[in-house]
Protein chains: 2
Amino acid sequence: MQPNWIKQRAYLTPNRVALSFHDEQWTFNELYLQSVRLAYKLNTLRLTNGKRVAILAPSTPPLIELLYACMQAQCEMVLLNGRLAKQELSYQVDDAEVDAILVADEELVKLPDDDRIIPFSKLYKTTESEYDIAAQWNEDFALTIMYTSGTTGFPKGVCQTVSNHSSSAISSALNLGISEKDTWLCTVPIFHISGFSIVVRSLLYGMKIRLYEKFDAKKCAQEIMEGTVTKMSVVSVILENILSEMEQAGKKAHPNFTIALAGGGPVPIDYLKRSEELDLRVAQTYGMTETSSQTATLANEDAMTHIGSAGKPLFFNEIKIDAKDGECIGEILIRGPHVTPKYIGRFKDKPTTSNGWLHTGDVGYLDEQGYLFVVDRRSDLIISGGENIYPAEIENLLLGHPNVKEAGVCGMEHDKWGQVPVAFIVAKEQMTEQEIIGFCTQHLANYKVPKHVHFVRHLPRSGSNKLLRRKLMQLLEE
Amino acid sequence: MQPNWIKQRAYLTPNRVALSFHDEQWTFNELYLQSVRLAYKLNTLRLTNGKRVAILAPSTPPLIELLYACMQAQCEMVLLNGRLAKQELSYQVDDAEVDAILVADEELVKLPDDDRIIPFSKLYKTTESEYDIAAQWNEDFALTIMYTSGTTGFPKGVCQTVSNHSSSAISSALNLGISEKDTWLCTVPIFHISGFSIVVRSLLYGMKIRLYEKFDAKKCAQEIMEGTVTKMSVVSVILENILSEMEQAGKKAHPNFTIALAGGGPVPIDYLKRSEELDLRVAQTYGMTETSSQTATLANEDAMTHIGSAGKPLFFNEIKIDAKDGECIGEILIRGPHVTPKYIGRFKDKPTTSNGWLHTGDVGYLDEQGYLFVVDRRSDLIISGGENIYPAEIENLLLGHPNVKEAGVCGMEHDKWGQVPVAFIVAKEQMTEQEIIGFCTQHLANYKVPKHVHFVRHLPRSGSNKLLRRKLMQLLEE
């Protein structure tokens, strides 16, 4: 058992600022009181004590309040990604068998009709019915569920328990340090583990979140230069935008700013050099939804000597490479209290670990000093602007098109997004690139829609007829 | 399971300084390598994997190395207090049924003969036999056992598990913050929970310990003024000595120095005021052997507004007052992952908690904002120079004297030590104060020997004939 984080935090440091957004700010006590009222409304709607609710909302204070309220009401929260297509969102709420879908009014258009939808405006108008909010939380309670596409192409609902989240926040603190002066700049989406983990750290550390609904390079650079924030989560493309702004302004990072935590793949060496010149410390990390955020982190002081490395595991975690005899490269395995204990829905019977080890599907190696190098992000995973795109998911859709015989998808280098998906099609009858793109647009989030389509006579396959996506990439280069 | 702390720390930050003593220092990797060799020697002596060893040594680097080695060898360590009398130490090693007693050569004289004694010199000369050191530790493993006297007068062996210690260190970090620049000045005895918990923090945080065998006010004040240390554990008397030195030197605390953690009873307001003038931040704490160190801490910013308070619980802990209806003062109960799960030896069947709550025996209250005030330290506990003295233990001894009919012991205010024990005797035949003091000196640590003896005709007792120690204190005042 752990104390109810929200109640405990409001008790310990009621007057500390918890959240700041534009020119407004809220203390932990204010958020606590608001979330209690909202929890009483949820109670009226019978959404308490283990009920499962999906949440779709932009990264603004009402979302934070609602997350607090759902935690207080002990609801399992399925965090929906507003960038997904209607069909994808439908799959998730159905697979998760949610009891309700709480939706910010402005995002209602993103969802297909569903009886379970409760717009925020309706929730706010609901009367409050008081009840006894739990003083303690079960460590195994699934606080959040986030969907991540597996290699099969069917998104998996990953549970992150109270204990997963708390151990992640603790391990991060042991690595990065914490100070009561900390403010974490949050521009990453809250529905992602990268964003939600900032909310958890805020509660456990008593730390202020400086929230942006959308990333704003100019303003973020300014906060870093003025020292109004001390930490930040970034992906490479975001980091680059900030660096450009800072270079233009001709100012360095304020000494208050301690670290930019960079996830979603290695940071290009050029960015690291530019960061160094701006006194902007960068810690590269490796983590995923199944590990409740960071698993390994490269200390800033090692950044230039271990370029391309994701560093060493956090204190309570372990990393092992499942390599064949004589080889050092193999699948990356992870063990620790931050690893998800279970999937839900379609994959509920699939174990998440084997002998305690999570098989990430990623390929990598540890160098002689034990620094992790990730060679392939889940072999064929495409990372586009920080979003994970799984080729198999797109392939599965394409194969549903009546004129597609075979389909293969891989990532193509892209200046702005890092990578974008590209499709290879073996067609039954002649068809156009536009037909394929139009078909995908109907069913997929925009960022998952292939940017180019190549029609080929056959796809590269292994002896056992398995699609060789890496060969697709070679074809692209040729 | 948790990773072997020592191995993990040496892997993560091998070159960080772990320990500094006089002019020497050791990195985490150096201590790791030394402790592996020492663990191999322990293996030759068959002291591994759950064997229980008592350790008696001064607070010097060889003790730290041995603690590391025993942890690596997975021995349960019974930490002996070198200030205790032979008879008291005998009780502990017998009650704990230790397999060996590892003793620094210079402390051999403090122990009665015992076949289980292994002087450090003999241990060092033992050949090494390699074996597979555990990569993971069981969370329930009793890393340490420390004896604390109960109200019955029989010392209780309190187990502190891997998880007790780690959660204590984590909660402390969430409260005080951590930085890779931290150095913890350790002048408190390592065999006490106050000292051992610094060793744990060092391993979990990757933090340097600046170790002193004995407290040296001048040198400690100097380290604080020069900023070579950032944190420190103190009791009031130690704090006062440091303040005096700093006042004499006319220098303030260096900005590097973040906090002095003050335990063992409330800090007098005069000391707090003097600390403030010297920019020396003080956090008052409440904790005990059964809670693996700190349970509550008063933030520095609250020190002057909540004088006498021990603050609020640490994040993962809870405090409750077991008060009668309509009263706010009552026994202090504590719940959390830092609370000992078991005693050993004579008390092995005594549960440590009831419904998860540790009954401290201390009396206190929470004010309206939830700040803890400790009214009585375990009702009648005497705290002398930071050492706990339990009246019942001395009374039990006195009652063993052929000429003592009844005995009662309480604490008397003392300028230097805070308190000293005083005895009240109902004698069978006339006897002298010197006889009683001489008798006690044979069997008790010096600080436990009553400083005054009053001969009375009867002792104040309750209706049920229970000794009323508080009435003894009133007698003293009269």
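Throughout, protein chains are lettered first and strands after them, A, B, ... in sequence-line order, and every chain is numbered starting at 1.
For the residue pair B/Pro313 and A/Leu12, the shortest heavy atom distance occurs at O-CD2, 3.2 Å. Nearest approach of B/Ile178 to A/Ala173, heavy atoms of both residues: CD1-O, 3.4 Å. In terms of heavy atoms, B/Pro14 sits closest to A/Lys312 at CD-NZ, 3.8 Å. Considering every non-hydrogen atom in both B/Phe315 and A/Arg9, the closest pair reads CD1-NH2, 3.5 Å. Closest heavy-atom contact between A/Gln2 and B/Phe316: OE1-CE2, 3.4 Å.
With contacts defined as side-chain heavy-atom distances shorter than 4.5 Å, the pair A/Arg335/B/Gln136 qualifies.
Note: A/Gly370 leads A/Ala135, A/Ser179, A/Gly370 in heavy-atom pairs under 4.5 Å with chain B. Ranked by heavy-atom pairs under 4.5 Å with chain A, the list B/Tyr371, B/Tyr11, B/Tyr205 is led by B/Tyr11.
Residue A/Ser166 touches chain B through its side chain alone, counting heavy-atom pairs closer than 4.5 Å. Residue B/Leu176: no heavy atom, backbone or side chain, is found under 4.5 Å from chain A. For A/Pro337, no part lies under 4.5 angstrom from a heavy atom of chain B. Interface remark: A/Asp182 contributes no atoms to any contact with chain B (heavy atom separation under 4.5 Å). Proximity to chain A (any heavy atom under 4.5 Å) is shown, for B/Leu174, by both the backbone and the side chain.
Here the OG-CD1 distance, from B/Ser171 to A/Ile170, works out to 7.5 Å after rounding to the nearest 0.5 Å.
A donor-acceptor contact shorter than 3.5 Å is absent between the side chain of B/Glu318 and the backbone of A/Gln8.
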